[in-house]
Amino acid sequence: MRVDLEPKDDFMEIEFNGQKCLIKDLEDLVYTDIDGVPNGERIVRGLPLLDHRTGKPIKVYSDKDKDKENIFELTKALIMSLPNLYALTPASREEILDIEIKLKIRFSNEYRDYLEFFGAIMADGIELSGFAKSSHRSVVFLTIEEKENNPQVPSHWYVIEKKFVEGIVIWQNHLGNIYLTQSGGEPVKIATSMYEYLLNRVK
């Protein structure tokens, strides 16, 4: 996976654990976060790189992210068409970053845009996680709880929906891919984006 950083001038390409990436300088690679995780390892975990000068995240895109940059417009239109839609308070960019830091993950661009536009949503037969105070809608609470219940789930995934009756949990990773687990079982990939997942739900 090649990782492009913004802005795109004056970068050098290196290979770390078999993955090519662009960094501003070697200081960015060895910079360590508050948990002792160096930037090189953060790349492997799918976490945002941190600027060694400020300690703040550098915006990162993988090639697959770039292909999905505009997919939220489709996701938004589909969500807006759901019957009996109810959306909560949208999250600010600062609140979204706080959630990512708390969970030690990086959201997909699609999910980040979803949080910023909708917060969280409920509609007929669909209730997506998000920026919410209630535990059964909060992406923070659901992700922490379900990771404790299922050690087979990678640490950088987060819950986008939990179906309490069937024991089904729907996960997304930072590339946007969607996975299903049931009753603590092994994850199965079911879609490549929230849009594709929701589209299959409403068919």
Side-chain angles (χ1 to χ4, degrees), residues 1-5 16-21 33 35 37 39-50 57-72 74-76 78-79 91 93 96-118 120-121 126-131 137-163 168-182 184-201:
M1 179 183 76
R2 181 189 177 92
V3 179
D4 295 327
L5 312 183
F16 185 84
N17 283 3
Q19 300 186 51
K20 291 183 178 180
C21 58
D33 64 20
D35 295 311
V37 180
N39 264 340
E41 182 65 24
R42 289 176 67 87
I43 294 173
V44 176
R45 295 186 186 184
L47 296 170
L49 293 173
L50 300 178
I58 303 170
K59 195 170 185 180
V60 178
Y61 290 101
S62 72
D63 292 335
K64 290 184 179 179
D65 286 332
K66 289 179 178 179
D67 294 337
K68 297 177 181 179
E69 274 185 1
N70 299 317
I71 198 170
F72 179 66
L74 297 173
T75 310
K76 179 171 68 174
L78 181 56
I79 290 175
R93 293 182 181 181
I96 294 169
L97 179 58
D98 285 343
I99 295 172
E100 289 180 311
I101 292 172
K102 184 175 295 185
L103 291 175
K104 300 179 183 178
I105 62 172
R106 174 175 161 245
F107 292 135
S108 71
N109 292 337
E110 182 187 25
Y111 191 76
R112 194 178 293 113
D113 288 341
Y114 156 80
L115 291 175
E116 194 171 351
F117 192 88
F118 292 106
I121 66 113
I126 295 174
E127 186 169 347
L128 299 183
S129 74
F131 180 63
R137 296 191 189 100
S138 166
V139 64
V140 174
F141 181 87
L142 288 173
T143 298
I144 292 174
E145 179 182 58
E146 292 306 318
K147 282 181 179 176
E148 291 177 351
N149 294 337
N150 192 344
Q152 299 189 72
V153 172
S155 61
H156 58 280
W157 291 9
Y158 49 93
V159 175
I160 66 166
E161 188 173 22
K162 179 178 179 179
K163 302 179 183 179
I168 291 174
V169 180
I170 308 299
W171 305 82
Q172 187 173 44
N173 67 13
H174 68 289
L175 298 177
N177 296 319
I178 305 292
Y179 299 83
L180 179 150
T181 60
Q182 185 167 17
E186 185 176 346
V188 177
K189 184 177 179 180
I190 59 172
T192 59
S193 65
M194 282 178 62
Y195 171 71
E196 183 183 351
Y197 168 67
L198 290 172
L199 191 62
N200 291 334
R201 288 286 305 275

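Looking at Glu110, its side chain does come within 3.5 Å of a backbone N or O of Tyr195 through a donor-acceptor pair. Between the side chain of Gln152 and the backbone N or O of Pro187, no donor-acceptor pair lies under 3.5 Å. Looking only at distances, no side-chain donor or acceptor of Glu146 sits under 3.5 Å from a matching main-chain atom of Val169. In this structure a side-chain-to-backbone donor-acceptor pair under 3.5 Å is present from Lys147 to Trp157.
Asn177 contributes atom CG, which lies 6.5 Å from atom OG1 of Thr192 (distance to the nearest 0.5 angstrom). Taking CG from Leu78 and CZ from Phe72, the interatomic distance works out to 11.0 Å, rounded to the nearest 0.5 Å. Considering CH2 of Trp171 and OG1 of Thr143, their distance stands at 6.0 Å, rounded to 0.5 Å. Atom CG of residue Asn109 and atom NE2 of residue His174 lie 10.5 Å apart, to the nearest 0.5 angstrom. Ile144 CD1 to Ser138 OG: the interatomic distance, rounded to the nearest 0.5 Å, is 8.0 Å. Rounding to the nearest 0.5 Å places CD1 of Ile121 at 10.0 Å from OG of Ser129.
For the pair Val139 and Tyr111, the minimum side-chain heavy-atom distance is below 4.5 Å. Residues Glu196 and Ile178 have side chains not in contact (no heavy-atom distance under 4.5 Å, counting atoms from C-beta outward). At least one side-chain heavy atom of Arg201 sits less than 4.5 Å from a side-chain heavy atom of Ile126. Counting only heavy atoms from C-beta outward, the side chains of Lys76 and Phe118 approach each other to under 4.5 Å. Counting heavy atoms from C-beta on, the side chains of Leu198 and Leu128 come closer than 4.5 Å. Side-chain contact between Arg137 and Glu127: present, with at least one pair of heavy atoms (C-beta onward) separated by less than 4.5 Å. A heavy-atom distance below 4.5 Å is not found between the side chains of Arg93 and Arg112.
With sequence neighbours left out, Lys104 forms a side-chain contact (heavy atoms from CB on, under 4.5 Å) with Asp35. Remark: Asp98 engages no residue in a side-chain contact (heavy atoms from CB on, under 4.5 Å) (not counting sequence neighbours).
Considering all non-hydrogen atoms of both residues, Met194 and Gln172 come closest at CG-NE2, 3.7 Å. Between Leu115 and Gly130, the closest heavy-atom pair is CD2-CA, 3.5 Å. Contact between Ile105 and His156 at its shortest, heavy atoms only, is CG2-CA, 3.7 Å.
Side-chain atoms of Tyr114 and Ser108 form no donor-acceptor pair, as typed in the model, at a separation below 3.5 Å. Using a 3.5 Å distance cut-off with no hydrogens or angles, the side chains of Glu161 and Tyr197 do pair a donor with an acceptor.
Remark: Glu186 CD is loosely packed, at most 12 non-hydrogen atoms of other residues, nucleotides or ligands lying under 6.0 Å away. For Lys102, the NZ atom counts as loosely surrounded, since its 6.0 Å shell holds 12 or fewer non-hydrogen atoms of other residues, nucleotides or ligands.
The one candidate from Asn173, Ile99, Ile160 that meets the side-chain contact (heavy atoms from CB on, under 4.5 Å) condition with Phe107 is Ile99.
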